[in-house]
Amino acid sequence: MLFSEDRLVHKNTPYGSIEVICGSMFSGKTEELIRRMRRSQLAKLPVEIFKPTLDTRYHDTAITSHDSNSIPSTPVEHSSNILLLGSIAKVVGIDEAQFFDDELPDVCTKLANAGIRVIVAGLDMDFKGQPFGPVPSLMAIAEHVTKVHAVCVRCGAPANYSYRITEDDQQLLVGEKESYEPRCRACFYRSQ
Ligand code: ZN
């Protein structure tokens with residue numbers, strides 16, 4: 001059993017690591033995740049990619065970024081499913097991490113401690129500019145955090161906020177160009 005206590009404390013077990021790629025909508029998070037996963041595939045490492053079942057904007061079994069650069073992935077209901085399904089991989093990618101439950105950081109720690117390189121992509125903030133779901137905790141426990149930026153549609157500055165154009169007030173509104181636009185700090189807070 002991969003995640004038994006024996007294995008976790010065994011001196012010769014090589015440890016993995018956790019990387020987080022985060023930023024606003026349209027910041028290239030998924031593209032960066034795909035780039036890192038492709039490099040792992042080129043290195044002939046077994047890879048597995050997971051995303052929450054909630055995010056079904058495009059295809060059921062492919063991570064698709066906004067530029068249609070896609071890679072196969074498995075939709076899962078709960079982060080604990082990743083432990084079972086990802087344990088044979090050497091590199092596990094997780095997209096749209098903000099939509100997962102609060103157990104995701106713990107799942108990522110178990111995977112990394114079992115020797116797996118875990119690469120997580122997700123929104124760091126919701127449309128109100130508040131930390132989003134399990135992503136802030138993941139940023140805290142990760143070895144590497146990469147913040148990527150979109151371009152502010154108002155002024156052209158680097159954007160790290162996802163401004164919601166529609167009236168809907170739910171945190172979990174899944175959508176793309178018709179619902180959100182990337183904005184810099186000044187253009188985001190000026191409209192609040
Ligand atoms: Zn701006």
Side-chain angles (χ1 to χ4, degrees), residues 17-40 49-60 62-71 73 75 79 91-102 104-105 108 117-192:
S17 60
I18 302 173
E19 297 159 43
V20 171
I21 304 160
C22 61
S24 69
M25 303 274 296
F26 313 109
S27 60
K29 300 179 297 297
T30 300
E31 289 83 354
E32 178 60 19
L33 173 64
I34 289 171
R35 190 185 72 84
R36 294 186 194 182
M37 298 306 287
R38 285 245 159 84
R39 289 175 61 84
S40 302
I49 306 173
F50 301 95
K51 64 177 183 179
T53 47
L54 185 65
D55 184 44
T56 50
R57 275 174 291 177
Y58 306 98
H59 304 107
D60 270 342
I63 287 187
T64 309
S65 60
H66 296 289
D67 68 358
S68 295
N69 193 5
S70 76
I71 195 163
S73 73
S79 62
V91 183
V92 165
I94 300 169
D95 200 21
E96 303 287 357
Q98 74 278 356
F99 293 138
F100 273 106
D101 51 274
D102 290 341
L104 187 62
C108 291
R117 178 185 175 194
V118 186
I119 311 172
V120 188
L123 288 167
D124 46 7
M125 289 182 279
D126 65 14
F127 74 101
K128 290 178 175 170
Q130 297 300 310
F132 204 157
V135 176
S137 302
L138 285 161
M139 290 166 74
I141 63 170
E143 275 89 344
H144 304 283
V145 177
T146 304
K147 278 219 179 196
V148 286
H149 298 92
V151 176
C152 177
V153 294
R154 292 296 169 109
C155 73
N160 54 328
Y161 293 93
S162 307
Y163 185 83
R164 187 177 286 176
I165 306 161
T166 55
E167 291 292 306
D168 201 310
D169 203 42
Q170 302 172 62
Q171 191 187 33
L172 297 185
L173 178 67
V174 180
E176 44 173 341
K177 287 188 175 145
E178 71 279 6
S179 308
Y180 299 94
E181 61 185 30
R183 291 195 182 184
C184 70
R185 176 181 294 278
C187 296
F188 179 80
Y189 280 106
R190 236 173 243 146
S191 306
Q192 294 293 300

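Just follow the structure's listing: the first ligand is 1, and inside any ligand the first atom is 1.
- Listed by chain and number, the protein atoms of type N/O/S under 2.8 Å from the Zn ion (ligand 1) are Cys152 SG, Cys155 SG, Cys184 SG, Cys187 SG; waters are omitted.
- Applying the side-chain contact (heavy atoms from CB on, under 4.5 Å) rule to Val145 yields the partners Val20, Cys22, Met139, Ala142; only residues at least two apart in sequence or on another chain are considered.
- By the ring-ring contact (aromatic ring centres under 6.0 Å, His included) test, Tyr161 pairs with Phe188, Tyr189, sequence neighbours left out.
- Between the side chains of Arg36 and Thr146, at least one donor-acceptor pair of N or O atoms lies under 3.5 Å.
- Checked by atom type, the side-chain pair Arg154/Ser191 shows no donor-acceptor distance below 3.5 Å.
- Residues that satisfy the salt bridge (charged side-chain N to carboxylate O under 4.0 Å, His left out) test with Arg39, not counting sequence neighbours, are absent from this structure.
- A donor-acceptor pair under 3.5 Å links the side-chain atoms of Gln98 to the main chain of Leu123, judged by distance alone.
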